[in-house]
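One structure, as structure tokens, below. Some questions next.
Values below: every heavy atom of this structure, side chains too, minus hydrogens, waters and symmetry copies.
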Amino acid sequence: MQSIEPLLYGIGIAGVAVNAAAGVLDAGRKPFDLFGMVVVALAASLGGGSLRDILLDRTVFWIADQSNLIAAMVAGLATFAVVRVVRLPPRLFLLPDALGLALFTVSGTQAAIAMGAPWLVASLMGVITGVFGGIVRDVLCNEVPLVFTAELYATASWAGALLLLALLEAGVSPGWAALAGATLVLVIRLCALRFKWRLPVFVAKS
């Protein structure tokens with residue numbers, strides 16, 4: 001595995017674990033068995049980064065470092081165990097999903113920067129890393145993906161990725177730039193959930 005700053009590596013692992021937990025919480029609204037839950041957790045936590053790495057023509061991150069795969073499985077199984085004994089609100093998955101979006105946006109953008117991608121491509125790789133796993137999760141759960149219909153989602157991810165890139169260009173350290181980018185994603189997403197911020201919806205005139 002390429003040597004990267006420990007903080008950014010930790011952000012990536014945390015993103016995997018949080019998205020796996022969000023996947024299980026979302027799938028918990030369906031009558032899935034343990035195997036189904038694990039599949040959803042892995043898809044949610046590894047899907048975005050896998051697509052990013054394929055597009056960047058680099059070794060898929062969880063193949064290069066199985067710690068990511070282990071983190072996803074442990075977080076998914078632990079969440080599955082918790083929800084069997086604790087009653088949780090149906091939409092609780094939106095909170096870890098928002099945190100996972102923030103963490104994956106940062107890690108995806110940084111991964112693209114490390115491959116020498118230009119700023120626009122790097123920002124879009126951050127968005128892909130942040131949202132694609134959730135798309136796969138929702139498809140597996142037979143739901144319309146949140147990113148297409150819900151409150152600001154991909155927009156929040158892109159804003160955070162662009163802030164991260166701007167701060168790096170200004171000479172801010174990668175750690176602080178990552179923290180600022182992730183914070184912006186999380187704040188926009190949580191505010192969008194709270195205040196129902198949405199992009200305009202396509203409605204054809206009859």
Same apolar cluster: L167 and W176, side chain cutoff 4.5 Å
yes
Taking every heavy atom of A44 against every heavy atom of G23, the minimum-distance pair comes out as CB-CA, 4.1 Å
Donor-acceptor pairs under 3.5 angstrom involving side-chain atoms of residues 180-195: please list them, not counting sequence neighbours.
unit_1, atom_1, unit_2, atom_2, d
T183, OG1, L179, O, 2.7
R189, NH1, E151, O, 2.9
R189, NH1, L152, O, 3.2

Using the side-chain contact (heavy atoms from CB on, under 4.5 Å) criterion, which residues pair with V39? Sequence neighbours excluded.
F35, L140
All heavy atoms of P174 vs all of L168, minimum pair found to be CA-CD2, 3.7 Å
Any side-chain heavy atom of W62 within less than 4.5 Å of one from V16?
no
Do any side-chain atoms of residues 107-117 form donor-acceptor pairs under 3.5 angstrom with protein atoms, and if so which ones, sequence neighbours left out?
unit_1, atom_1, unit_2, atom_2, d
S107, OG, L103, O, 3.3
S107, OG, F104, O, 3.2
T109, OG1, T105, O, 2.7

Verify same cluster id: L163, W197 (apolar side-chain graph, 4.5 Å)
yes
Set of side chain to side chain donor-acceptor pair (under 3.5 Å) partners for T149, sequence neighbours left out:
none
Which residue in the set L101, V127, V131 passes side-chain contact (heavy atoms from CB on, under 4.5 Å) when paired with V147?
V131
Taking everything shown except D33 itself, do over 12 heavy atoms lie less than 6.0 Å from its CG?
yes
What residues, two or more places apart in sequence or in another chain, satisfy salt bridge (Lys or Arg N to Asp or Glu O under 4.0 Å) together with D97?
R137
Identify, with sequence neighbours excluded, every residue that meets side chain to side chain donor-acceptor pair (under 3.5 Å) alongside S123.
W158
Side chains of L69 and I63 in contact at under 4.5 Å (non-hydrogen atoms):
no
Shortest non-hydrogen contact between A17 and A75, atoms and distance:
O-CB, 3.4 Å
Student check: side-chain heavy atoms of W119 and L162 closer than 4.5 Å
yes
V172 with V106, same ILVMFWY side-chain cluster at under 4.5 Å
no
Residues at least two apart in sequence or cross-chain that pass side-chain contact (heavy atoms from CB on, under 4.5 Å) with M37, listed by chain then number, are V24, A27, F32, F80
G126 and S157: which non-hydrogen atoms are nearest, and at how many Å?
O-OG, 3.8 Å
State the OG1-CG distance between T79 and L92, to the nearest 0.5 angstrom.
10.0 Å
Contacts of V85 that satisfy side-chain contact (heavy atoms from CB on, under 4.5 Å) - sequence neighbours left out:
none
Drop me the distance from F132's CZ to L55's CG, to the nearest 0.5 angstrom.
9.0 Å
Residue pairs involving residues 121-133 (criterion salt bridge (Lys or Arg N to Asp or Glu O under 4.0 Å); sequence neighbours excluded):
none
Looking only at non-hydrogen atoms, find the nearest pair between L164 and A178 and report the distance.
CD1-N, 3.5 Å
Please check if the side chain of D53 supplies one atom and the backbone of S50 the other of a donor-acceptor pair under 3.5 Å.
no
Taking side-chain contact (heavy atoms from CB on, under 4.5 Å) as the test, write out the residues that go with P96, two or more places apart.
V18, A22, L25
Only counting residues at least two apart or in another chain, list the ones meeting side chain to side chain donor-acceptor pair (under 3.5 Å) with T155.
none
Kindly work out whether a path of hydrophobic side-chain contacts (I/L/V/M/F/W/Y, heavy atoms less than 4.5 Å apart) joins I70 to Y9.
no
Is there a path from L94 to V144 through hydrophobic residues (I, L, V, M, F, W, Y) whose side chains come within less than 4.5 Å of each other?
no
Give, for atom NZ of K30 and atom CG of D26, the distance between the pair rounded to the nearest 0.5 Å.
8.5 Å
Side chain to side chain contact (heavy atoms under 4.5 Å, CB included) between F61 and L46: does it pass, once the steps are laid out?
CA-CA 9 Å; F61 73 109; L46 305 179; 3.7 Å; yes
